[in-house]
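Proteins get letters first, then strands, A, B, ... in listed order; numbering begins at 1 in each.
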2 protein chains.
Amino acid sequence: MADQKRITSVDVARLAGVSQSTVSRTFAGDTRVKPETRERVLSVAKEVGYVPNFIARGLSAQTTNLVGIVMADVASMFYPYVLQEFVRALQKRGKHALVFNVRSDGNADDVLQETLQYQVDALIIAASTVSDEMVEACARTDTPVFLFNRTLPHVNSICVDNYQGGRQIADLFVRNEYENIGVLTGIEDTQTNQQRQSGFLGRLAEHGVAPSYRAQGDYTYKSGYAAGRSLFNSDVALDAIFCASDAMAIGLMDAARDAGRTVPEDIAVAGFDGIPVADWAANSLTTIEQPMDALVKGTLDWMDKTLASPDWKTQPPRVKLLPGTLMQRRSTSLPEIIVAE
Amino acid sequence: MADQKRITSVDVARLAGVSQSTVSRTFAGDTRVKPETRERVLSVAKEVGYVPNFIARGLSAQTTNLVGIVMADVASMFYPYVLQEFVRALQKRGKHALVFNVRSDGNADDVLQETLQYQVDALIIAASTVSDEMVEACARTDTPVFLFNRTLPHVNSICVDNYQGGRQIADLFVRNEYENIGVLTGIEDTQTNQQRQSGFLGRLAEHGVAPSYRAQGDYTYKSGYAAGRSLFNSDVALDAIFCASDAMAIGLMDAARDAGRTVPEDIAVAGFDGIPVADWAANSLTTIEQPMDALVKGTLDWMDKTLASPDWKTQPPRVKLLPGTLMQRRSTSLPEIIVAE
DNA sequence: CTGAAAGCGCTTACAG
DNA sequence: CTGAAAGCGCTTACAG
């Protein structure tokens, strides 16, 4: 009950009859420590329940093994999984995630300061944007920054190829001979949305097709449902519609059903993201699946390599694009194809 | 480019013509610092871009403002939201989340060690279990532990009232005059599952009803769909079924649709959790909604109070149960009721 | 209201 | 292979 002092390396050293340096070296895995000494230290440590203090180590070694992860609370249902993947993958690499949240409409500057105060070894920013000044500040403190699923010219970025994904959906629509084509966009000025749109519309134009309907949502199920309601209450007749997120696409499909329309017979629907719900039987949504594991692994490998190279600050920032995967499901299949499988 | 030394409080002190102590006090918000001095320090700090080093502060002040959050990667879709809420709420309180992941079938011991090494001020364990020894270890290092949505006799726990929730569903079923009642359980030996089951079955028994069907899933959509398939392929005819998670309930409903059954006319379905997808139009699932905000806030308020009270270790651990909310939706409504609304 | 100084628990040259 | 000692950047009695 009494505040018995925390056990430190000094205590272990005394008990094991060695110097504090030796205890430190033992736990650092220094191979110069004689095996017998090592054993003795470890056994004493175990006995008294000693574990090294990472905070002290951080101060002294100037490296915390902490990685800051900044996430916006996005409505898209993709990011919770991303966060979980990062936490898990970091753990495997002996690092740990210090997680920060920013409002999806704000930028990450507010919290970046705090992140740096914790002396994180690196910073991963997902689903929000950063100012150039903040990037500067990170550089000053030798903290490499990685943008996840967003690109910025002066920052290392890793991102699914939204543009290419949009093109793939366009190709699919043309291949399926849909003629009256609509599009449900995400939040207008997000990079993600712009890229998905410009890929989709650009490729459509190359095929000589122009969309005949256009509405805007905010990536959420709710906005998709609302868009669907007004679409199906109108006299617009579409063969197919591309939605900038899976959640919106599912909302729109539910609205279709509630309005007595059948997917894909009355209207084909495609989304983007590849969230688990998209593959549920009731939805079976055609979509571009984000290569989540590759994105996460790519980010962390890149980070590791950067941290290991002493001259990383001299290297120009790069943007890495990873292709998504077209998942063709029943929401765009023609009836015959369904029968065929 | 060159490794210009990090700016420390000593630099600021020199530039501002005060002692390092004064700089420290200024940033600690010490009211004894003369306003003019304070201004000067802050302006110099701003000019040179100084911010306090939290790691050093942590070592010195023996408090890191770090809270460890241990999460299992549960299939239930409830926890990603919980994590996001914790991160956000902690940030508001000037604390930060160090997030750890454990396999859902393991216990938290493996990572707890690491958590303690980071000298977290407190530990929140969600969706996994801990050994008594580990709880001991936490006590030794003065780290209060809170179990989230799980209870253990020797640990502070905060949890939705699973038992009561099960009873509410039973009452609803009886009220709706369902006679042939089934149950789809979660993973057999999880506490959550046991409590939901015993509440449900116990209350049913009090009404003189015994379930006529029972299957087991693992909380996932997939397992719910599979259970539904085999149920609807059998000659069992049920009026209603209670599933131990929303994801399973939705899977089962999708299987029902695919088998040509109508919900709730052919079979009524209820779940547990209150995940956002449950409220989507296509599902409209009756469920017990977890009081997520109250659970998170309750945990953090409790944590704050504990950290503020010097004698917290002498207080016996408590278990706090919060009631869930019955959300009656179309998956259990009788046809007439639907018409009525 | 302010400063000098000890101390938090490690790492890491340096010397042997 | 090991130890003595400086130092990481703060906080916080203690003294004035």
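- For the side chain to side chain donor-acceptor pair (under 3.5 Å) condition, no pair includes a residue of residues 44-55 of chain A, sequence neighbours left out.
- Distance, Arg32(B) CZ to dG16(D) P: 16 Å, rounded to whole Å.
- Contact of the Thr115(B) side chain with the Val120(B) side chain is registered, since non-hydrogen atoms from C-beta on lie closer than 4.5 Å.
- Closest-nucleotide positions on DNA chain C for Phe27(A) and Ser19(B) were compared, and the one nearer the 5' end corresponds to Ser19(B).
- The aromatic rings of Phe148(B) and Phe86(B) stand perpendicular to each other, their planes meeting at an angle above 60°, with 30° marking the opposite boundary.
- Val10(B) comes within 4.0 angstrom of nothing in the nucleic acid, heavy atoms only.
- If you check residues 35-51 of chain A against DNA chain D, the residues with a heavy atom closer than 4.0 Å are Thr37(A), listed by number.
- Between dC10(C), dT2(D), dA5(C), one nucleotide has an atom nearer to the side chain of Ser21(B) than all others, and that is dA5(C).
- Sorted by first then second residue, the side chain to side chain donor-acceptor pair (under 3.5 Å) pairs that include residues 290-299 of chain B, not counting sequence neighbours, are Asn149(B)-Gln290(B), Asp273(B)-Gln290(B), Lys297(B)-Asp301(B).
- If you measure from atom CD of Gln20(B) to atom P of dA6(C), you get 14 Å, rounded to the nearest angstrom.
- Where pairing requires Watson-Crick or G-U contacts shorter than 3.5 Å, the helical stems of DNA chain C with at least three consecutive pairs are C:1-3 with D:14-16, C:5-12 with D:5-12, C:14-16 with D:1-3.
- For the pair Arg25(A) CZ and dA4(D) P, the interatomic distance rounds to 11 Å; values are reported in whole Å.
- Put simply, Ser60(A) has no side-chain N or O that comes within less than 4.0 Å of OP1 or OP2 on dG7(D).
- Remark: C1' of dG9(D) and CD1 of Ile7(B) are 14 Å apart, rounded to the nearest angstrom.
- At dG9(C), one or more side-chain N or O atoms of Gln62(B) fall inside 4.0 Å of OP1 or OP2 (strictly under the cut-off).
- Arg14(B) has its CZ atom 17 Å from the C1' atom of dG3(C), to the nearest Å.
- Nearest nucleotide to the Lys34(A) side chain, out of dC8(C), dC1(D), dA13(C): dC1(D).
- In terms of the salt bridge (charged side-chain N to carboxylate O under 4.0 Å, His left out) criterion, Glu114(A) has no residue partners (sequence neighbours excluded).
- Heavy-atom contacts from other residues, nucleotides or ligands closer than 6.0 Å to CZ of Arg318(B) number 12 or fewer.
- In the set dC10(C), dG3(C), dC10(D), the nucleotide with an atom closest to the side chain of Val18(B) is dG3(C).
- Per the geometry, CG belonging to Leu59(A) stands 13 Å off P belonging to dT12(C), to the nearest Å.
- Both Thr31(B) and Pro52(A) lie close to DNA chain C; mapped to their nearest nucleotides by heavy-atom distance, the more 5′-ward contact belongs to Thr31(B).
- Neither OP1 nor OP2 of dG9(C) sits under 4.0 Å from any side-chain N or O of Thr8(A).
- The side chain of Thr22(B) contributes an N or O atom lying less than 4.0 Å from OP1 or OP2 of dG3(C).
- The side chain of Asn53(B) lies closest to dG9(D), out of dA5(C), dG9(D), dG9(C).
- Under the side chain to side chain donor-acceptor pair (under 3.5 Å) criterion, Ser19(B) pairs with Thr22(B), not counting sequence neighbours.
- Taking each heavy atom of Val111(B) and Val70(B) in turn, the nearest pair found is CG2-CG1, 3.9 Å.
- Residues Leu300(A) and Ile124(A) approach most closely at CD2-CD1, 3.8 Å, considering heavy atoms.
- Only the P atoms considered, dC14(D) is 24 Å distant from dC10(D), to the nearest whole Å.
- Here the P atom of nucleotide dG9(D) and the CG atom of Asp11(B) are 9 Å apart, to the nearest Å.
- Between Cys159(B) and Arg150(B), the closest heavy-atom pair is SG-N, 3.8 Å.
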